[in-house]
Structure formats: structure tokens, C-alpha cells
Peer 1: 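Quick one: this structure, given as C-alpha cells, is what I'll be asking you about.
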Amino acid sequence: MARSGWKKYFYREFTMKNLTRRAILAAAPAAVPFLSAHAAGQYGPGVTDTEIKLGNTGPYSGPLSTASPIPKTMAVYFNMINSEGGINGRKLNFISYDDAYSPPKTVEMTRRLVEDDGVLLIVGATGTPTNNAIWRYMTEHRVPQLFVSTGATKWDDPKDHPWTIGWQPNYQSEGRIYAAYILKNKPDGKIGVLYQNDDFGKDYVKGLSDGLGDKAASMILVKASYESTDPTVDSQIVSMQAAGCDVFVNTAISKFAAQAIKKAAEIDWKPVHILSGVGNSVGATLKPAGLENSKDIVSDFYLKDATDPKWRDDAGFKSWVSFMDKYQPGADKSDNNNVIGAELAATMVQVLKQCGDNLTRENVMKQVANLNGFTLPMLLPGITINTSPTDFAPVKQVQMGRFDGERWQLFGPLLTGGVG
């Protein structure tokens with residue numbers, strides 16, 4: 001993304017009449033002179049000569065509320081774009097509702113965005129079960145469901161679901177990478193897996209099992225699931241220790257990942273601990289769990305870690321830090337959700353720029369499928385975004401890292417896990 005820095009934004013929260021939810025809404029677009037070039041433009045719902053309506057649902061409350069910085073930072077980024085004149089003279093009207101990480105609420109809010117607010121598309125909605133709840137609706141109504149903030153493998157299905165695309169590395173690929181790490185470093189390990197009892201968690205388990213191959217049955221001793229509404233996962237951790245597990249694959253969301261780390265320390269269980277990319281935020285997971293308790297945990301990354309001083313002279317990192325310091329001074333830089341939100345929004349802006357004045361839903365999907373070698377300020381060096389009409393998995397590579405008690409230290413080459 002060719003920018004020297006991230007500029008002004010406007011942010012406000014409000015409660016809409018008759019709605020008991022929180023929303024983020026971009027500043028109302030100011031009138032701009034009519035541009036004759038727009039007269040020949042082709043517009044889909046939510047698009048005029050002066051405005052593009054974008055929709056979003058996010059977990060501002062509920063068990064995944066730690067991820068709320070994602071849509072908040074997206075709103076900030078879009079308002080920065082508006083302050084620079086928008087995209088081809090059109091301001092971005094970003095409407096985001098709280099779904100509390102509850103699929104029925106996601107359905108309700110998505111229908112409101114599409115049928116009442118009249119958005120062009122949905123972008124950056126957070127969560128596997130929540131996006132899954134609207135997947136068929138978006139396909140049937142031919143509404144772009146873009147860059148979902150979830151790594152479920154199912155989002156890479158352009159043949160049967162051509163209106164939905166993921167963004168981050170998919171969970172099955174991550175699971176296979178964890179398996180390769182275990183086979184190399186603990187080939188006789190006895191594995192316990194903590195996973196959410198839905199497509200999100202089961203994707204990780206499948207990837208891990210596929211990666212272990214014939215050894216999966218003998219190496220995985222405990223598969224412990226939890227529901228997103230559970231109060232704790234303490235009993236699952238105790239059961240893994242009791243079963244003799246010496247490898248712990250922790251694929252939980254931040255709330256439960258932190259509980260698991262803390263409980264393992266309390267019972268003095270010290271397995272080889274692999275934490276998934278979903279839960280590896282220093283701010284959202286490791287700080288609540290205790291930084292000392294988190295020492296030596298291994299995870300995978302595709303974005304630069306804001307707590308790592310190695311990036312202090314990196315141009316992309318300096319751009320993000322400048323943005324945070326100037327425009328979100330109260331936000332936690334150690335929470336990588338603030339990075340994810342900005343990079344998701346930047347990817348969306350790139351697609352809209354490629355659309356030009358052809359802002360139909362069909363052309364949006366055409367441009368989504370033509371991101372070739374696109375890079376972002378906070379992607380790790382060597383990682384780029386690539387899509388095609390048959391490839392809806394934009395980010396495919398990761399690098400492993402180990403937590404040293406203060407920050408993540410990257411090691412090894414970039415990795416890509418195949419999906420079986």
C-alpha cells in the first residue's frame with residue numbers, strides 16, 4: 001500500500017433508534033461536485049456518485065469481544081480515506097453492528113445491512129460460526145461477503161460460493177504446520193488438543209490430524225472441546241495433564257486460550273505448548289494469562305508483531321505506529337487486532353480502487369479475484385496477497401515464533417501448509 005502515513009479520521013459510537021446494539025459509522029459523506037466521469041459508471045446497491053456503503057458485523061460484546069478492535073480500526077482507516085477525498089471522489093460509509101458473536105444476531109444484523117441499509121457488500125465480519133450463519137444468504141442474494149475475519153477453510157470455495165472470500169491463513173493449513181513442528185521436535189509426543197466445538201475448532205483438528213498422518217491416532221490422546229458460551233476450560237486442561245499429555249495444541253479464542261495458559265501454570269503442567277494464530281495476541285491473550293506463564297509458547301504469524309523492536313526501522317511498521325500514536329493513542333499496540341483491522345480495510349480499499357467507476361457487485365468480485373502480489377505495511381516480509389478466480393485464499397504463508405516472556409521471536413522460514 002503506497003502511503004507515507006495514516007491520516008485524519010473521525011470515530012463515533014451511537015445507538016440507533018429501536019436497536020440495542022452499538023455501531024460504528026463513518027462520517028456522513030460531504031457533498032462533492034458532480035463528476036462527469038461518474039455518469040458512465042455502473043453502480044450496485046449502496047453506491048452513488050458521492051458514496052459507497054460498506055457493511056460489517058463485529059463482536060463488540062460477548063465471548064469474542066477481545067476482537068472488537070478489528071472493526072473499530074477498520075472504521076478509523078476508512079475515515080482516513082474519506083479525509084483524503086475518498087475513492088474516486090466517493091466517501092466510504094461504513095456501517096458496523098454488534099452481533100455479540102452470536103449467529104442469530106449476525107443473521108439479523110446482516111439482513112438489516114443488506115435489506116434496510118442497502119450496503120454494497122459486507123467486509124471483515126468476525127468469527128467462523130457467525131459468518132457461517134450468513135454464508136448461504138449471501139450466496140443466494142449475490143452479496144459480496146469479503147475478507148471474513150476467520151480462517152475457516154470453507155471460505156476458499158469460489159465454485160460453489162463465489163460471493164464469499166477469506167483473508168487470513170486457513171486453519172487446516174495452520175494445523176498441518178503444527179503437526180510438522182511436533183513431528184520434528186517431539187516425534188514421540190502425547191498430544192492434547194483444545195478446540196471450539198464448531199467449524200472453526202474442527203478445522204484445526206482436521207489439519208493437525210492430516211498432518212500427523214498415520215501417527216494421529218496414537219499421538220493424539222485427548223481432543224477436548226468447549227462451547228463459546230462456557231465459563232471456563234479449566235477441566236479440559238486438568239484432563240490433559242491427567243492423561244499424560246506432553247504436547248498441548250491450544251486453538252482457542254483469546255478468552256479461553258488465556259484461561260488455558262493460566263490453568264496450566266497453576267497445576268504446574270509444562271507441555272510443549274503450541275498456540276494458534278487466532279489466540280496469539282500479546283495484549284488480548286498473553287497479558288491476561290500472565291507473560292511469565294506464556295514463556296516458551298510457540299505460535300505462527302503472518303503479520304508483524306507490534307511488540308517486537310526488530311521492526312522499529314521498518315517503513316510499514318513505522319507507518320502503523322505513527323497512526324496509532326496520533327489517531328488511536330489509547331489503543332493497545334500489543335493487541336494485533338489493531339493491525340488486522342487496518343490491513344483488512346486496506347485490502348478493501350485496493351479492491352474498490354481497482355473497480356474504478358464500475359461499482360457493481362459483480363465487478364467487485366471480479367476485482368477481488370485479481371489481487372496479484374498485493375502487499376500491505378504489516379505483512380511479514382515475503383508474504384503477499386494473491387487471488388484468482390479459482391483461488392479465494394489471499395494470505396497463505398506464516399512464520400513460526402516463540403514467546404520469550406516479553407515478545408514473540410520469529411524463527412525458521414516462511415511456511416505453507418497444504419490442505420487435505
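Sequential numbering from 1 along the given sequence is applied to the chain's residues.
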Peer 1: Give me the one residue out of Val123, Thr347, Thr387, Val148 that meets side-chain contact (heavy atoms from CB on, under 4.5 Å) with Trp167.
Peer 2: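 Of Val123, Thr347, Thr387, Val148, side-chain contact (heavy atoms from CB on, under 4.5 Å) with Trp167 is met by Thr347 alone.
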Peer 1: Any donor-acceptor pair under 3.5 Å linking the side-chain atoms of Thr251 with those of Ser276?
Peer 2: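 No, no side-chain donor-acceptor contact under 3.5 Å.
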Peer 1: Using a distance-only test with no angle check, is there a side-chain donor-acceptor pair under 3.5 angstrom linking Gln196 and Asp198?
Peer 2: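 Note: Gln196 and Asp198 side chains meet the donor-acceptor criterion.
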Peer 1: Do Asp117 and Arg112 touch side chain to side chain, with heavy atoms closer than 4.5 Å?
Peer 2: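 Of all side-chain heavy-atom pairs linking Arg112 with Asp117, at least one is under 4.5 Å.
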Peer 1: Is there a side-chain contact between Trp320 and Asn338 in this structure, where contact means two heavy atoms from C-beta onward sitting under 4.5 Å apart?
Peer 2: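 Yes. Closest side-chain heavy atoms under 4.5 Å.
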Peer 1: Would you mind checking if Lys310 and Asp305 are paired as a salt bridge, meaning a charged N to carboxylate O distance below 4.0 Å?
Peer 2: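 Looking at Asp305 and Lys310, the cut-off is not met.
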Peer 1: Distance only, no hydrogens: is a donor on one side chain within 3.5 Å (strictly under) of an acceptor on the other, for Tyr195 and Asp203?
Peer 2: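 No, because no side-chain N or O of Tyr195 sits under 3.5 Å from a partner of the opposite role on Asp203.
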Peer 1: Just wondering, do Asn197 and Lys202 contact through their side chains at under 4.5 Å, heavy atoms?
Peer 2: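 Lys202 reaches Asn197 side chain to side chain.
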Peer 1: Do Asn132 and Lys154 have side-chain N/O donor and acceptor atoms under 3.5 Å apart?
Peer 2: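 A donor-acceptor contact under 3.5 Å links the two side chains.
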Peer 1: Sub-3.5 Å donor-acceptor pair from the side chain of Ser209 to the main-chain atoms of Ala216, do we have one?
Peer 2: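 No, Ser209 side chain to Ala216 backbone: no donor-acceptor pair under 3.5 Å.
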Peer 1: In plain terms, say whether Asp308 and Lys304 are close enough for a salt bridge, that is, a side-chain N and a carboxylate O under 4.0 Å apart.
Peer 2: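 No, no charged N to carboxylate O under 4.0 Å.
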Peer 1: Ignoring hydrogens and geometry beyond distance, is a side-chain donor-acceptor pair present between Tyr171 and Asp199 at under 3.5 Å?
Peer 2: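 Short answer, no.
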Peer 1: Output yes when a side-chain donor or acceptor of Gln328 lies under 3.5 Å from a complementary backbone atom of Lys333, and no otherwise.
Peer 2: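 No: the side chain of Gln328 does not pair with the backbone of Lys333.
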Peer 1: Would you check if the side chain of Asn56 reaches a backbone N or O of Phe94 as a donor-acceptor pair within less than 3.5 Å?
Peer 2: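 Pair absent, no side-chain N/O of Asn56 close to backbone of Phe94.
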Peer 1: Under a 3.5 Å cutoff, is there a donor and acceptor pairing between the side chains of Asn170 and Ser173?
Peer 2: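 Their side chains do contain a donor-acceptor pair, which is all the 3.5 Å distance test asks for.
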Peer 1: Taking the side chain from Gln42 and the backbone from Thr360, do they hold a donor-acceptor pair closer than 3.5 Å?
Peer 2: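 No; zero donor-acceptor contacts below 3.5 Å.
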Peer 1: Do you see a donor-acceptor pair shorter than 3.5 Å between the side chains of Asn386 and Ser388?
Peer 2: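 Distance-only check fails for Asn386 and Ser388.
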Peer 1: Check whether Asp98 reaches the backbone of Tyr60 with its side chain - one donor and one acceptor, N or O, closer than 3.5 Å.
Peer 2: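 Present.
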Peer 1: Distance-only, no hydrogens or angles: does the Asn293 side chain make a donor-acceptor pair with backbone N or O of Ile261 under 3.5 Å?
Peer 2: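 Not confirmed, Asn293 side chain does not pair with Ile261 backbone.
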